[in-house]
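First the proteins, then the strands, lettered A, B, ... as listed; each starts at 1.
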Number of protein chains: 2
Amino acid sequence: MNIVQTVKDRLSDLSKNEYKVAQQVLLDPEAIIHVSTATLAKQANVSEPTINRFCRRIGCKGYPDFKLQLAQQLAKGASYVNSQIDDDDNVSTVTDKIFSSTLSALANTQRTLDHAAIEKTISYLKDARKISFFGFGASASVAHDAQNKFARFTTPAIFSDDVLVQKVAALNSLPGDVIVCFSHTGRTKALCEIAQLGYDNQATVIGITAKGSPLAKYCHVVVSTEVPEDTDQYMPMASRIAQMVLIDAIVAGFALAHGEEIKQQLARVKAGLKDSRFPPQ
Amino acid sequence: MNIVQTVKDRLSDLSKNEYKVAQQVLLDPEAIIHVSTATLAKQANVSEPTINRFCRRIGCKGYPDFKLQLAQQLAKGASYVNSQIDDDDNVSTVTDKIFSSTLSALANTQRTLDHAAIEKTISYLKDARKISFFGFGASASVAHDAQNKFARFTTPAIFSDDVLVQKVAALNSLPGDVIVCFSHTGRTKALCEIAQLGYDNQATVIGITAKGSPLAKYCHVVVSTEVPEDTDQYMPMASRIAQMVLIDAIVAGFALAHGEEIKQQLARVKAGLKDSRFPPQ
DNA sequence: ATATTAATGTAATTAAATTACAAAAACGAA
DNA sequence: TTCGTTTTTGTAATTTAATTACATTAATAT
């Protein structure tokens, strides 16, 4: 169980004093794992039994169980660090920092995903007559990758770098068609224009983007990767990696939602490509 | 502190009964974090104070501290799992498995990278007159992404999906030009053909691919991501994610190798794109 | 063989967590 | 608004878990 997320999700379920405990937990979870019921009760200005009640309310057996699970969750999150690249870093250091930072971003995305939105996305894609993928700049290759993944299924999947072809694709999307737009910030003007064209055409618009962004206004569902992007000049956009892994999950969910017929399709594609490769030694 | 390792390292420091406790801990560390001194003492056939003595002997404050640190360590280790997707998995489970598996692959790549090969790669790219990127299937979007990243610098960077344009680019690469080929297995025939065209033309060929593969024969340097690819039908190719992060590291190394002038270039590009986005709210 | 040190467990003690119960607060219905 | 019911809350009591004290036993060194 992700304790911090559960606490956040259940704030509205809590009583007045349990809420005070929750606030203390969210304030400094790292410190909490080391303190007694007596200490936490004092900090939160509640009685000791309220601590126990809070723990049971969110699904733990008691306070020791709560502390243990919190510690485990925090330890998972702490495996990955976010670093800056310095001008005098050597190649090994740079490489290590970039990998660690990417791992950190991915772990964070994993923790914060909106699963209901993903399910809704899969549901739309499953019933789509045609799917068009759009992305600009760093997100262009994500859109390209998504098209490549969906090309293994029979639902038509479209991607183009050509801005006119993109507009045609958006204008040509009707009810029953799906448009998928990738943008970390959701502030790219050209992409918002595409999304609006599709939206106004009654196509279903899926945004892999930031909630509340200009792009999100033209989306029927938004899935956000919640990557805090580093503005360091050398640091790459980890969000595009997170978007790609998210698409991997969506593709797998799409395949599962279709059931047995998909396996045969995938097997057919794989077999058909066999001759384009040298055999393994 | 890595509890399990510390226990193993200090077995020879332990008394006869403390050794019995250690054995029980190493037998099933996952279970230990949930049991009381009384229970563990019974399992190890020692007294309760011996449990406490064991904990203090290995450097913990007492048994709760020992359990907490053990739990944290186990949670860190548990981040790196590789899973199969089952037909009855729900979307949350699928998503979690794919993220975890990707994290595992990335962490593995991070640990096994050949830093000398990366340095050599950066050196070739730094001096390149022109860079062409090639990839097929899952690696196509990686090549696309790489071109996009290098497009921010002044060295000409080329990518195309069009197989004829690709051949032209390879035939048109001369000494001083660099060809970068992406392929996890290095067994894609079309890609090997491209690499050979460039190699025979005296262009420098960089392979982000498997060592000893057919493609590697036509490469001046090979950087491998060492991702054991799962043959599960639903599991995505994590290697392309690893390749992308690797390119991130190479791009950062390239930028650092160029020094101060690059910052101005990057700043110029960023400023020039500002108007293509809506301002942040 | 004897003295010293270390290990050990029983019993006692302390600390931490949980339960019981009565009072107070909050909520809903008339 | 009042009253009855339910929920929340904290004090006190109780239980559980962990630690300490002390005497005995075992191991080691002279």
Asker: Does A/Q5 have any side chain to side chain donor-acceptor pair (under 3.5 Å) partners at least two apart in sequence or in another chain, and if so, which?
Answerer: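 Once residues adjacent in sequence are excluded, the partners of A/Q5 under the side chain to side chain donor-acceptor pair (under 3.5 Å) criterion are A/D9.
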Asker: To the nearest Å, how far apart are B/E48 CD and D/dT16 P?
Answerer: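 Rounding to the nearest Å, CD of B/E48 and P of D/dT16 are 13 Å apart.
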Asker: Give the B/S/- string for nucleotides 21-26 of chain D, one per nucleotide from 5' to 3', where a protein heavy atom under 4.0 Å of the base yields B, of only the sugar-phosphate yields S, and otherwise -.
Answerer: B-----
Asker: Under the side-chain contact (heavy atoms from CB on, under 4.5 Å) test, which residues partner A/Y199, sequence neighbours left out?
Answerer: A/V205, A/Y218, A/H220
Asker: Let me know the distance between NZ of A/K42 and P of D/dT11, rounded to the nearest Å.
Answerer: 13 Å
Asker: Determine: side-chain N/O of A/S15 to OP1/OP2 of D/dT9, distance under 4.0 Å, yes or no.
Answerer: yes
Asker: Within the pair A/T50 and D/dG10, is there a side-chain N or O less than 4.0 Å away from OP1 or OP2?
Answerer: yes
Asker: Need two values: the first and the last nucleotide of DNA chain C, 5' to 3', having an atom under 4.0 Å from any heavy-atom of chain A.
Answerer: C/dA17 to C/dA20
Asker: Mind listing the side-chain donor-acceptor pairs of residues 40-53 of chain A below 3.5 Å, one per line with the distance, residues two or more places apart or on another chain?
Answerer:
residue, atom, partner, partner atom, Å
A/S47, OG, A/T50, N, 3.4
A/S47, OG, A/T50, OG1, 3.0

Asker: Given atom NE2 of B/H34 and atom C1' of D/dA17, what is their separation to the nearest angstrom?
Answerer: 17 Å
Asker: Listing request: all ring-ring contact (aromatic ring centres under 6.0 Å, His included) pairs with a residue in residues 31-51 of chain A, at least two apart in sequence or in separate chains.
Answerer: none
Asker: Could you check if a side-chain atom of A/T109 sits within less than 4.5 angstrom of a side-chain atom of A/L113, using non-hydrogen atoms only?
Answerer: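 The answer is yes, as the side chains (C-beta and beyond) meet within the 4.5 Å cut-off.
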Asker: Check whether the ring centres of B/Y63 and B/F54 lie less than 6.0 Å apart, and answer yes or no.
Answerer: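 Ring centroids of B/Y63 and B/F54 are no less than 6.0 Å from each other.
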Asker: Quick one: on DNA chain D, does A/N17 or B/G62 contact a more 5' nucleotide (nearest heavy atom)?
Answerer: A/N17
Asker: At under 4.0 Å between heavy atoms, what does A/K20 touch on the DNA or RNA strands: base, sugar-phosphate, or nothing?
Answerer: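 It contacts nothing in the nucleic acid.
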Asker: Taking OP1 and OP2 of D/dA18, is either one under 4.0 Å from a side-chain nitrogen or oxygen of B/N52?
Answerer: no
Asker: Hey, which of B/I33, B/V7, B/N2 is the one that makes side chain to side chain contact (heavy atoms under 4.5 Å, CB included) with B/L70?
Answerer: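 Answer after filtering B/I33, B/V7, B/N2: B/I33.
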Asker: So that I know where these two stand, are A/F254 and A/F150 an aromatic pair - ring centroids less than 6.0 Å apart?
Answerer: yes
